[in-house]
Engineer: 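Structure in structure tokens, see below.
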Amino acid sequence: MKRLLPILVAIALAAALFGCGGGDDSSGSTSTTALSSCNIDGKQQNLGASYVTSIEVAKVSCPQAEKVVAAYHQCRADNGGAGGTCDAPVQGFTCTEGPRQSVPGVQFNATADCKKGEAEIKSSYTQNF
């Protein structure tokens, strides 16, 4: 398993960065505001999930977005552990999770879209079990 884990992480990161599946944008986002990418280099493993691979924001700062993302993942952990979900608002943001692409029993990749008024935070992450 120790040999397999780096390969699975690399696959998960590639999937998150380059996308997988068809061109359908099923994130459910209705934002008309352009999103800006946040630089999370060195912070990917410190934002609540095993790896947060990207954060994009509109009308909210990147430091605030990082706090919301970490709170979202804490909410997930508090509601079912690694595979948990969060249905409660976090720091005033309502978050919805996209479909999970999984390696059963190992990990899954997903996105979260958190909104409060015109502010929006989109993130992608990998969660190991």
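Values below: every heavy atom of this structure, side chains too, minus hydrogens, waters and symmetry copies. The structure presented is a predicted model; accordingly, all values stated were derived computationally and were not measured.
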Engineer: State, with a plain yes or no, whether a side-chain heavy atom of I121 is found less than 4.5 Å away from one of F93.
Structural biologist: yes
Engineer: How about H73 and V52: do any of their side-chain heavy atoms sit closer than 4.5 Å?
Structural biologist: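 In short, these two side chains touch, coming nearer than 4.5 Å.
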Engineer: Test side chain to side chain donor-acceptor pair (under 3.5 Å) on E97 and Y72; report intermediate values, then the result.
Structural biologist: CA-CA 10 Å; E97 186 174 290; Y72 171 74; 2.9 Å; yes
Engineer: Are N128 and V106 side-chain neighbours, meaning at least one heavy-atom pair lies under 4.5 Å?
Structural biologist: no
Engineer: Going by the angle between their ring planes, with limits at 30° and 60°, are F129 and F108 parallel, tilted or perpendicular?
Structural biologist: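 F129 and F108: tilted rings.
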Engineer: Rounded to the nearest 0.5 Å, how far apart are CG of N39 and CD1 of I55?
Structural biologist: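 So the CG of N39 and the CD1 of I55 are separated by 10.0 Å.
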Engineer: Of all the heavy-atom pairs spanning A71 and Q91, show the shortest one and how long it is.
Structural biologist: CB-NE2, 4.0 Å
Engineer: Would you say the side chains of S124 and T111 form a donor-acceptor pair under 3.5 Å?
Structural biologist: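 No, because no side-chain N or O of S124 sits under 3.5 Å from a partner of the opposite role on T111.
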Engineer: Answer yes when E118 and K59 have at least one side-chain N-carboxylate O distance shorter than 4.0 Å, and no when they do not.
Structural biologist: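 Looking at E118 and K59, the cut-off is met.
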Engineer: Given side chains that start at C-beta, do those of Y125 and R76 come closer than 4.5 Å, heavy atoms only?
Structural biologist: yes
Engineer: Strictly by modelled atom types, are Q101 and N109 linked by a side-chain donor-acceptor pair under 3.5 Å?
Structural biologist: no
Engineer: Return the CG to OG1 distance between L47 and T53, rounded to the nearest 0.5 Å.
Structural biologist: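 If we round to the nearest 0.5 Å, L47:CG and T53:OG1 are 10.5 Å apart.
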Engineer: What's the verdict on side chain to side chain contact (heavy atoms under 4.5 Å, CB included) for E120 and V57, showing C-alpha distance, side-chain angles and the deciding distance?
Structural biologist: CA-CA 6 Å; E120 182 173 14; V57 297; over 6 Å; no
Engineer: Classify the side-chain pair S50/Q127 by whether it contains a donor and acceptor separated by less than 3.5 Å.
Structural biologist: yes
Engineer: Could you check whether any side-chain heavy atom of K122 comes within less than 4.5 Å of a side-chain heavy atom of D113, counting everything from C-beta outward?
Structural biologist: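 Heavy-atom side-chain distance check passes, below 4.5 Å.
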Engineer: So, C62 with C38, SGs under 2.5 angstrom?
Structural biologist: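 Judged by the SG atoms alone, which are under 2.5 Å apart, C38 and C62 are bridged.
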Engineer: Excluding sequence neighbours, so at least two apart, what forms salt bridge (Lys or Arg N to Asp or Glu O under 4.0 Å) with K43?
Structural biologist: E66
Engineer: Decide disulfide bond (SG atoms under 2.5 Å apart) for C95 and C86; before the verdict, give the C-alpha distance in whole Å, the side-chain angles of both, and the deciding distance to 0.1 Å.
Structural biologist: CA-CA 8 Å; C95 302; C86 180; over 6 Å; no
Engineer: Shortest non-hydrogen contact from T126 to A49?
Structural biologist: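 Looks like O-CB, 3.8 Å.
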Engineer: Using every non-hydrogen atom in the two residues, find where A110 and G98 come nearest and quote the distance to one decimal.
Structural biologist: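 Looking at all heavy atoms of both residues, the shortest contact is CB-O, 4.3 Å.
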Engineer: If you look at every heavy atom in R100 and G84, which pair is closest and at what distance?
Structural biologist: NH2-O, 2.8 Å
